[in-house]
Amino acid sequence: MIKTIIVTGASRGIGYQTALKLSNQGHNVIATARTESNLQKLSADAPSGTITPVVADLTDPDEIQNIAEAAKHLNGIDGLINNAGLVHRESFMETGIDSFQRLMDVNVYGIVRLVQALKPLMTEGSHILNISSMSGYQGSLKFPGLSAYGAAKAAVIGLSEVLSAEFAEDKISVNCLAIGAVQTEMLSEAFPGFEAPVSPEQMGGYVADFILNGHQFYNGKVLPVALNDPS
Ligand SMILES: NC(=O)c1ccc[n+]([C@@H]2O[C@H](COP(=O)([O-])OP(=O)(O)OC[C@H]3O[C@@H](n4cnc5c(N)ncnc54)[C@H](OP(=O)(O)O)[C@@H]3O)[C@@H](O)[C@H]2O)c1
């Protein structure tokens, strides 16, 4: 069955590859991010007509509405992948409250705004998949300098669990993947020179499979997707 899936943060990295994988399987993908040129490249790389690009900043409520409008034109959505994210690495004592607020705004409130705008367009059997990080996963190895990022990604985990309880009566599933290192621009920014064991193509393939099938097996789950021991 052809599905309609929204992928945020689709202009590069994991989101780009997730959108491409879904479109190559014939699904309709609403691909959103701020960088229009990258979304155009995605459309060109994907099978004709499968990508609906929407340029939107997830911190702007008006631009969020443009994503909802695109979803209405496609008669609703079957899946939402909240993948867009922002990292910040600085010692805790140097990290200003503005950086904490910015990280929360993009990583957490972006999800809040989008889910509130899209929930009315979701029907029974829809799946919301939030992308968190091992940086926010309880008990995992932590790295100095990621306090704002880790706090925001932990908030994504808590939000996911509550939404799954709240949306259960509507039969909308909510899961969360706490992923480990993937070789993307974000990783290079946070850990210059570090080589991740997983490529964006690999993780995009996993995320694409999970949005299509994961809710047959999981609901309200926070799953670590990392090669290293999370404890
Ligand atoms: N790579 C890793 O090792 C790793 C590990 C754990 C978790 N993660 C998580 O995986 C997800 C994808 O990460 P990635 O490594 O693929 O990152 P990335 O290459 O830096 O891509 C981030 C994406 O988020 C979008 N974005 C950022 N701010 C936005 C905003 N205000 N509004 C709309 N879109 C925005 C960017 O698009 P524009 O700039 O075009 O808007 C871009 O498409 C993130 O949630 C990240 O936290 C990644």
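Order of listing sets the numbers, starting from 1, for every ligand and every atom in it.
Annotation: atom 40 (O) of ligand 1 to nearest protein heavy atom, T35 OG1, 2.5 Å. Shortest contact from atom 32 (N) of ligand 1 to any protein heavy atom: L58 N, 3.0 Å. Of the protein's non-hydrogen atoms, D57 OD1, 3.0 Å is the one closest to atom 31 (N) of ligand 1. Protein heavy atom closest to atom 14 (P) of ligand 1, with residue, atom name and distance, is T184 OG1, 3.6 Å. M186 CB, 3.4 Å is the protein heavy atom nearest to atom 17 (O) of ligand 1. Distance from atom 16 (O) of ligand 1 to its nearest protein heavy atom, with residue and atom name: I14 N, 2.9 Å. Counting protein heavy atoms only, atom 18 (P) of ligand 1 is closest to R12 NE, 3.4 Å. Closest to atom 28 (N) of ligand 1, if we only count protein heavy atoms, is R34 NH2, 3.4 Å.
D78 pairs in a side-chain contact (heavy atoms from CB on, under 4.5 Å) with only one of the listed residues (M122, H27, K3), which is K3. Exactly one of L114, V115, V108, N107 qualifies for a side-chain contact (heavy atoms from CB on, under 4.5 Å) with I111. That residue is V115. None of T184, D45, N38 except one satisfies the side chain to side chain donor-acceptor pair (under 3.5 Å) rule with Y16; the exception is D45. Partner of Y206 under the side-chain contact (heavy atoms from CB on, under 4.5 Å) criterion, out of I14, L177, V198: L177 alone.
Every atom of ligand 1 is numbered from 1 in the order shown, and the set under 4.0 Å from a heavy atom of G180 is 3 (O), 4 (C), 5 (C), 6 (C). Those atoms of ligand 1 with a heavy atom of L187 less than 4.0 angstrom away are 3 (O). The ligand atoms of ligand 1 that sit less than 4.0 angstrom from a heavy atom of A56 are 32 (N), 33 (C). Counting the atoms of ligand 1 from 1 in the order shown, those under 4.0 Å from a heavy atom of S132 are 7 (C).
For CD of E169, the number of neighbouring non-hydrogen atoms (other residues, nucleotides, ligands) closer than 6.0 Å is 12 at most. Counting non-hydrogen atoms of neighbouring residues, nucleotides and ligands closer than 6.0 angstrom, the CZ atom of F191 exceeds 12 such neighbours. In Y218, the OH atom is not crowded: 12 or fewer heavy atoms of neighbouring residues, nucleotides or ligands sit closer than 6.0 Å.
Taking a 4.0 Å cut-off on heavy atoms, Y149 registers as neighbouring ligand 1. Residue I131 places a heavy atom less than 4.0 Å from ligand 1. The shortest separation from a heavy atom of K153 to ligand 1 is under 4.0 Å, placing the residue in contact. In this structure, A196 falls outside the shell of residues with a heavy atom less than 4.0 angstrom from ligand 1.
Between D57 and R113 there is no salt bridge, since none of the side-chain N atoms of the basic residue sits less than 4.0 Å from a carboxylate O of the acidic one.
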Working note: L146 + K153, criterion side-chain contact (heavy atoms from CB on, under 4.5 Å); need CA distance, chi angles, decisive distance, verdict. CA-CA 10 Å; L146 293 181; K153 287 301 189 180; over 6 Å; no

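Here's the thing with V182: one of its N/O atoms is less than 3.5 angstrom from an N/O atom of ligand 1.
Residues N175 and H127 have side chains that bring a donor and an acceptor to within less than 3.5 angstrom of each other. No hydrogens or angles considered: nothing links the side chains of S23 and K21 as a donor-acceptor pair under 3.5 Å.
Residue S11 holds the heavy atom nearest to atom 42 (C) of ligand 1 of all those in A10, S11, A84. Across the listed options A190, G9, G110, G9 owns the non-hydrogen atom lying nearest to atom 25 (C) of ligand 1. Summarising the contacts of atom 45 (O) of ligand 1 with T32, I179, N83, the nearest heavy atom is found in N83. Proximity annotation for atom 22 (C) of ligand 1: of A181, A152, G85, G85 comes nearest, heavy atoms only.
A pairwise comparison of heavy atoms in L42 and A31 identifies CD2-CB, 3.6 Å as the closest pair.
Under the 4.5 Å side-chain heavy-atom criterion for ILVMFWY residues, no single connected hydrophobic cluster contains both L159 and I179.
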